[in-house]
Amino acid sequence: MIETSKPVNSLEDSNFQIQVKDCYKIYKRGEIEVVALSGLNCNFHKGEITVIMGPSGCGKTTMLNMIGGLDQLNSGQIIVGNVNIAKLSKKNLEKYRRDHIGFIFQFSSLIPELTAEENIGLPLILTTGLNAEKKKYISELLDVVGLTDRKTHRPDELSGGEQQRVGVAAALANKPDIILCDEPTGELDSITKLKIMDLLRKIIETYPEKTMIIVTHDPELRAIADRMYYIRDGNISHQFDKEEMEKMKINNKTSSLINQTSQNGGNYKEFLIELREINHLVKGKINKIEKKIHPI
Ligand SMILES: Nc1ncnc2c1ncn2[C@@H]1O[C@H](COP(=O)(O)OP(=O)(O)OP(=O)(O)O)[C@@H](O)[C@H]1O
Ligand SMILES: [Mg+2]
């Protein structure tokens with residue numbers, strides 16, 4: 001059981017992952033029952049971004065809420081590290097949420113009267129309080145999200161994208177192991193969206209001990225995913241593992257290059273350079289697989 005801060009399921013375990021096993025969640029409103037999760041099974045890995053897509057109402061947010069300890073299952077297990085969080089008491093679930101989870105939503109809920117720096121530090125002020133080490137960490141976060149020179153600005157003095165960056169940094173303040181994002185780029189214009197996508201990728205690369213899960217309707221977020229699940233009616237309908245994602249990215253890159261090349265009057269020199277790079281990538285992969293099949 002989770003008893004202390006940063007306990008058992010900690011990140012020292014190199015196989016850290018989240019295992020969602022045969023999960024059911026049924027909401028009841030009077031006579032009406034809605035099956036939001038219907039025997040859901042899936043895994044999430046440390047150092048990876050998993051993107052989850054699926055039609056409205058298929059159970060994406062419900063699944064995030066369960067992993068984030070905001071709500072409880074009817075049946076099934078969610079194993080985080082080596083702890084089944086579905087069996088935690090309310091008090092321990094609260095502790096799990098505080099110590100291990102960071103939430104990033106479509107609209108970051110910033111306090112209008114506080115500066116960017118204070119908004120980022122707020123989760124710490126409200127829980128453990130601030131000390132020199134934590135203040136240093138807040139400066140590090142401001143730097144990671146590229147807002148050091150905006151730290152004294154209040155939300156109404158920041159752009160939408162900058163406000164979302166503050167939200168991202170605030171979600172990292174308690175050093176969570178698991179970062180859960182529900183439509184993190186939902187309301188952003190396309191350029192700002194790309195910047196936030198880059199930032200999310202940068203975060204998992206800067207802190208590879210973390211696990212990130214992104215729920216979205218936007219297929220462009222596939223570009224930053226290591227793994228993907230499609231959900232339909234509360235269950236996984238399709239999944240793409242790491243290798244399949246790389247293939248998909250290579251295919252997308254090749255076709256977008258072919259389009260660009262034909263649009264810009266056929267700059268085949270640039271096209272060839274990029275194609276060689278892709279070729280190099282693919283060859284590397286083939287070598288690795290060949291070595292697996294025929295080890296020397
Ligand atoms: N608190 C609740 N009470 C009753 N039904 C609920 C509740 N929360 C969600 N539901 C229902 O459960 C189903 C799954 O909802 P969920 O919010 O997980 O969908 P979603 O995939 O996140 O959809 P969207 O893409 O629109 O955000 C829906 O049919 C929804 O109406
Ligand atoms: Mg949702």
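Because only heavy atoms are used, hydrogens play no part in the values below, and waters and symmetry mates are left out as well, while side chains stay in. As the structure lists them, so they are numbered: ligands from 1, and atoms in each ligand from 1.
Note that CD1 of I85 and CD1 of I78 are 4.5 Å apart. Values are rounded to the nearest 0.5 Å. With rounding to the nearest 0.5 Å, the separation of CD1 in I125 from NZ in K134 is 11.0 Å. Taking NZ from K60 and CG from L37, the interatomic distance works out to 11.5 Å, rounded to the nearest 0.5 Å.
Of all protein heavy atoms, the one lying nearest to atom 13 (C) of ligand 1 is G57 O, 3.6 Å. Nearest protein heavy-atom contact of atom 4 (C) of ligand 1 is Y27 CB, 3.3 Å. Counting only heavy atoms of the protein, atom 27 (O) of ligand 1 lies nearest to T61 OG1, 4.0 Å. When hydrogens are left out, the protein atom nearest atom 24 (P) of ligand 1 is S56 OG, 3.6 Å; that is the closest non-hydrogen contact.
Under a 3.5 Å cut-off, the side chain of N74 and the backbone N or O of I26 do form a donor-acceptor pair. Looking only at distances, a side-chain donor or acceptor of E157 sits under 3.5 Å from a matching main-chain atom of R154.
Considering backbone and side-chain N/O atoms, V34 never comes within less than 3.5 Å of an N/O atom of ligand 1. Between A36 and ligand 1, a contact under 3.5 Å exists for no N or O pair.
The closest approach between any non-hydrogen atom of C58 and ligand 1 is below 4.0 Å.
Y27 carries K25 over the face of its six-membered ring, with the cationic atom under 6.0 Å from the centre and within 45° of the normal.
Under the 3.5 Å distance criterion, with hydrogens and angles disregarded, no donor-acceptor pair is assigned to the side chains of N65 and T62.
The 12-atom threshold is not exceeded at NE2 of H238, counting heavy atoms of other residues, nucleotides or ligands nearer than 6.0 Å.
Residue contacts with ligand 1, taken as heavy atom pairs separated by less than 4.0 Å, involve H217 solely via side-chain atoms from C-beta onward. Within the 4.0 Å heavy-atom criterion, both parts of T62, backbone and side chain, lie near ligand 1.
Under the 4.0 Å distance rule, the nearest protein heavy atom to atom 30 (C) of ligand 1 falls outside the cut-off. The protein reaches atom 21 (O) of ligand 1 closely, with a heavy atom under 4.0 angstrom from it.
Contact annotation: T61 places an N, O or S atom under 2.8 Å from the Mg ion (ligand 2).
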